[in-house]
Colleague: 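Take this structure first; my questions come after.
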Amino acid sequence: MKKLKFIYLFVAFSMFTTLSCEDILDVEASDAFAEDLIYSDPVQVERLVYTVYNSTESWGINKAQWWSRRFNIEAGSFEAKFNFKNLDLFRLRAGWTDSNAGILNEKWRNYWDYIRLANEFLDRIDESEAMQKDPEHVAVLKAEMRFLRANAYTKLLKYYGGVPILENALGLDDNFQLVRNSYEECVTFIVNELDEAAAVLPESRPDAEFGRATKLAALAVKSRTLLYAASKLHDPSTAPNGPLYDYAKASKWQDAADAAKAVIDMVGARDLIAVSNATDYQNLFLAPNEDILFARPFSAAYYDFGTDVNTLWDQTQSPSGYGGWGLSSPTHNFALQFNMADGTRTDATGSIYDPANPNANREMRYYADLNYQGAQFRGRTVDYALADTPSATTPDGPDSPNGIVEGIGVNQEHSSKTGYNIRKFQDESLTAPTDIAAQRPFILYRLAEIYLNYAEAQAELGNEDSARIFVNKISSRALQPAITATGEELKEAIKRERRIELAFEGHNFFDERRWMNEEHLGFPIKGLTWTKAPDGTLSNTEYTVVTRPWFQKHYYLPIPATEVEKAPSLLQNSGY
């Protein structure tokens, strides 16, 4: 493995630019030896770790930009589209270039910022006075930082393929002509880092430390990393291929299964928290619970936008008639992935799905995750319908393009273009969308994902009985009948469960790519327009909101052109 060894030093290099002032710690020391004083105090050292927790991200895809604090990558996936004015902020329609990847432009710089901070910390911590003063506590802080660095590398790997492995901070005398490590080398590095961190991290944390890394969190990151590596996108037989993208280990699916099984064994393969209805299911996402393995807590201590209501989904995702911004509109294509209550698919032969009444008899998660025409939400009925003849008795719906919001007026630009809004993560106990839900976490890893990881790996290995046991832990909790499929139908059933169970949690953008399911990467985005007759009768029409094309190069982001210009040894990704 080509590992670049560098000494600690602050340097001005574009890949590793300093963070904005909002990320700078307010430390007590202010003289020329401030760094030495920081590293002499375990409390100040801990605050350095808090800063790098921001690398795990939260409700917004990019906290440094005003718009992208307020929606996430669901708006660039099969799940949803960006709603406001139909803007192409992800440039999925225009196509990415090495100088413009839209709202994703800053991903490269942001992750390297945090890796730089982690490397500076890890370069100094072993010989620090803080380690001598409290070695047991500081050793855990070191393990947290290694975990956070590994997690940042997993994000770079998903977006870019193989990247340079830097284990130390860059120095002025070092070679800046960085070379990208292979995809397989990066996976190996990440897994080794997580294994070593897991050996030190505590198995659990007290409630006051919710959101801090644990052994379970490290093993969960390892599970996802190895599942992604085993997937079709990284098979040498698929394109793009070559060392930057390929994972050729013969044991890849067994490794993915074993990584998930390590978590499963720690929790005793227990059932997920039971629910009896959609409301119970919604509540799983509003407060800490035992099924959450790692999450960003709602706290200003190590969550820098934890108290900014404008980044939370009650405001940013509620329908327009509630004063919400509805920034990510779920696609009708995605809504059709939700089964009927009896477990049949909406497109199955003999299905009871009725296009004229699409919201009837759907599975429980449909009602928990989506706002749709007729949903009961925050004390009234969601109404996207435009009246054929507006009147006092049959007015335009408050959530329609002509809907009037008290104190705002017509909120047309924020009205849903698809006839859906996101309900998942909304705290309906709040009086208004601008109120604060003080306990709601942003979930990064949870037990349901691990069960789905294991089911997918076992199905690929041909261990179908085991795959069905764990995928049914998901579907049964969702009050769906047991999955009995075999072969390719079983694999597809696991993928559908993953889409629905993990909806709007940041998975689908990457899942459809690693499965190389191009029908869900480029497609006509469908929506429903609702109309209201004078007698109040509702009808809908399916239409194409906009067509999202597919470009083969979009399996990976381009490395920013400015970085390649400064370091030509950084090979650009395929197609750019």
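Because the structure is a prediction, the values reported are computed rather than measured.
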Colleague: Do we see a donor-acceptor contact under 3.5 Å between the side chains of N151 and Y445?
Modeller: yes
Colleague: Check this for me: does any side-chain nitrogen of one of E193 and K222 sit under 4.0 Å from a carboxylate oxygen of the other?
Modeller: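 K222 and E193: not salt-bridged.
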Colleague: With a distance cut-off below 6.0 Å to the six-membered ring centre and an angular limit of 45° from the axis, does R513 pair with F509 as a cation-pi contact?
Modeller: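 Positive - R513 is close enough to the ring of F509 and near enough to its axis.
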Colleague: So, taking the atom named CG in L327 and the one named CD in Q315, what distance separates them when rounded to the nearest 0.5 Å?
Modeller: 9.0 Å
Colleague: Under 3.5 Å, is there a donor-acceptor pair linking the side chains of N168 and D123?
Modeller: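 Per modelled atom types, N168 and D123 side chains form a pair under 3.5 Å.
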Colleague: I'd like to check the side chain to side chain donor-acceptor pair (under 3.5 Å) partners of N453; sequence neighbours left out, ordered by chain and number.
Modeller: S223, R498
Colleague: Hey, are T56 and R296 close enough side-chain-wise for a donor-acceptor pair under 3.5 Å?
Modeller: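 R296 vs T56: donor-acceptor pair found between side chains.
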Colleague: Could you pull out the closest heavy-atom pair between E413 and K417, with the gap in Å?
Modeller: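 Closest pair (atom of E413, atom of K417, distance): O-NZ, 3.1 Å.
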Colleague: For this output row, return yes or no: ring centroids of Y159 and Y556 closer than 6.0 angstrom.
Modeller: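 Aromatic pair excluded; centres sit 6.0 Å or further apart.
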Colleague: Does D314 come within less than 4.0 Å of R378, counting only side-chain N to carboxylate O?
Modeller: yes
Colleague: Taking the basic N atoms (NZ, or NE/NH1/NH2) and the acidic carboxylate oxygens, is any pair closer than 4.0 Å for D511 and R499?
Modeller: no
Colleague: Rounded to the nearest 0.5 Å, what's the gap from OG on S475 to CD1 on I500? Could you check?
Modeller: 12.5 Å
Colleague: Would you sort out whether Q44 and Y39 count as a side chain to side chain donor-acceptor pair (under 3.5 Å), showing the intermediate values?
Modeller: CA-CA 7 Å; Q44 298 285 20; Y39 282 97; over 6 Å; no
Colleague: For the residue pair S77 and N508, what are the closest heavy atoms and their distance?
Modeller: CB-OD1, 3.6 Å
Colleague: What distance separates N371 CG from D399 CG, expressed to the nearest 0.5 Å?
Modeller: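 CG of D399 is found 8.5 Å from CG of N371.
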Colleague: Between the side chains of E106 and K63, is the shortest nitrogen-to-carboxylate-oxygen separation below 4.0 Å, so that they form an ion pair?
Modeller: no
Colleague: Which heavy atom of L430 sits nearest a heavy atom of D435, and at what distance?
Modeller: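 Shortest heavy-atom separation between L430 and D435 comes out as CD1-O, 3.5 Å.
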Colleague: In terms of heavy-atom contacts, does CD of Q65 have more than 12 from other residues, nucleotides or ligands at under 6.0 Å?
Modeller: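 Above 12, so yes.
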Colleague: Going by distance alone, is a donor N or O of one side chain under 3.5 Å from an acceptor N or O of the other, for H234 and Y228?
Modeller: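 Looking only at side-chain atoms, Y228 and H234 do not form any donor-acceptor pair under 3.5 Å.
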Colleague: Looking at the rings of W59 and F425, which for Trp means the six-membered one, are their centres under 6.0 Å apart?
Modeller: yes
Colleague: Do you know which of F71, F90, W325 makes ring-ring contact (aromatic ring centres under 6.0 Å, His included) with F82?
Modeller: F71
Colleague: Keeping to residues at least two apart or across chains, list the salt bridge (Lys or Arg N to Asp or Glu O under 4.0 Å) pairs with something in residues 264-274.
Modeller: K261-D265, R270-E290, R270-D291, D271-K473
Colleague: So, using salt bridge (charged side-chain N to carboxylate O under 4.0 Å, His left out) as the criterion, who are the partners of E74 when residues are at least two apart?
Modeller: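 With sequence neighbours excluded, E74 shows a salt bridge (charged side-chain N to carboxylate O under 4.0 Å, His left out) to no residue whatsoever.
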Colleague: Check the surroundings of atom NZ in K133: do more than 12 heavy atoms from other residues, nucleotides or ligands lie under 6.0 Å from it?
Modeller: yes
Colleague: To the nearest 0.5 Å, how far apart are OH in Y114 and CG in L148?
Modeller: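 If we round to the nearest 0.5 Å, Y114:OH and L148:CG are 10.5 Å apart.
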Colleague: Before you tell me yes or no, could you show the steps for R124 and E35 under salt bridge (charged side-chain N to carboxylate O under 4.0 Å, His left out), namely the whole-Å CA-CA distance, both residues' side-chain angles and the distance that decides it to 0.1 Å?
Modeller: CA-CA 10 Å; R124 297 204 57 169; E35 291 167 32; 3.3 Å; yes
Colleague: Taking only residues two or more places apart in sequence or in another chain, which ones pass salt bridge (charged side-chain N to carboxylate O under 4.0 Å, His left out) with R423?
Modeller: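 Salt bridge (charged side-chain N to carboxylate O under 4.0 Å, His left out) check on R423 returns E428.
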Colleague: Is the distance between the ring centroids of Y420 and Y372 under 6.0 Å?
Modeller: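 Not under 6.0 Å, so no.
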Colleague: Just jot down the ring pair (Phe, Tyr, Trp, His ring centres under 6.0 Å) partners of W515, sequence neighbours excluded, or say none.
Modeller: none
Colleague: Answer yes or no: is there a donor N or O on one side and an acceptor on the other, between the side chain of S231 and the main chain of R514, under 3.5 Å?
Modeller: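 Pair absent, no side-chain N/O of S231 close to backbone of R514.
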Colleague: When the ring centroid of F504 is compared with that of F334, is the distance short of 6.0 Å?
Modeller: yes
Colleague: Does R362 pair with D369 as a salt bridge, N-O distance under 4.0 Å?
Modeller: no
Colleague: Just checking, is any N or O donor in the side chain of E57 or Y111 under 3.5 Å from an acceptor N or O on the other one?
Modeller: yes
Colleague: Establish, from distance only, whether the side-chain atoms of N421 and Q317 form a donor-acceptor pair under 3.5 Å.
Modeller: no
Colleague: Please determine whether a side-chain nitrogen of the Lys or Arg among E196 and R146 lies less than 4.0 Å from a carboxylate oxygen of the Asp or Glu.
Modeller: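 Salt bridge between E196 and R146, a charged N being under 4.0 Å from a carboxylate O: yes.
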Colleague: CE of M131 to CD1 of I125: how many Å apart, nearest 0.5 Å?
Modeller: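 That separation rounds to 5.5 Å.
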Colleague: Is the F84-W67 ring centre distance short of 6.0 angstrom?
Modeller: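 F84 vs W67: aromatic centres under 6.0 Å.
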Colleague: Between E120 and R149, does at least one N-O distance fall below 4.0 Å, as a salt bridge requires?
Modeller: no
Colleague: How about Y322 and F377: are their ring centres within less than 6.0 Å of each other?
Modeller: yes
Colleague: Strictly under 6.0 Å, is that where the ring centroids of W112 and Y153 end up?
Modeller: yes
Colleague: State which residues pass side chain to side chain donor-acceptor pair (under 3.5 Å) with N277; sequence neighbours excluded, sorted by chain then number.
Modeller: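 So N277 forms no side chain to side chain donor-acceptor pair (under 3.5 Å) with any residue.
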Colleague: Go through the steps for E505 and R224 under the test salt bridge (charged side-chain N to carboxylate O under 4.0 Å, His left out), then give the verdict.
Modeller: CA-CA 14 Å; E505 295 179 44; R224 188 185 297 178; over 6 Å; no
Colleague: Using the six-membered ring of F285, assess whether NZ or CZ of K424 lies under 6.0 Å from its centre and within 45 degrees of the ring axis.
Modeller: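 The answer is yes, since K424 meets both limits relative to F285.
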Colleague: Of the non-hydrogen atoms in A259 and L226, which two are nearest, and what is the gap between them?
Modeller: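 The pair with the smallest heavy-atom distance is CB-CD1, 3.8 Å.
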Colleague: Measure centre to centre between the rings of F294 and F147, then say whether the value is under 6.0 Å.
Modeller: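 Aromatic pair counts; centres sit under 6.0 Å.
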Colleague: Do K81 and D88 sit within salt-bridge range, that is, some charged N less than 4.0 Å from a carboxylate O?
Modeller: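 Looking at D88 together with K81, the answer is no, because their closest N to O distance does not fall below 4.0 Å.
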Colleague: Judged by modelled atom types alone, do R70 and T316 share a side-chain donor-acceptor pair under 3.5 Å?
Modeller: no
Colleague: What pair of heavy atoms forms the shortest contact from G321 to V405, and how long is it?
Modeller: CA-CG2, 3.8 Å
Colleague: Provide the closest heavy-atom pair for M145 versus L48 in the form atom of the first, atom of the second, distance.
Modeller: CE-O, 4.0 Å
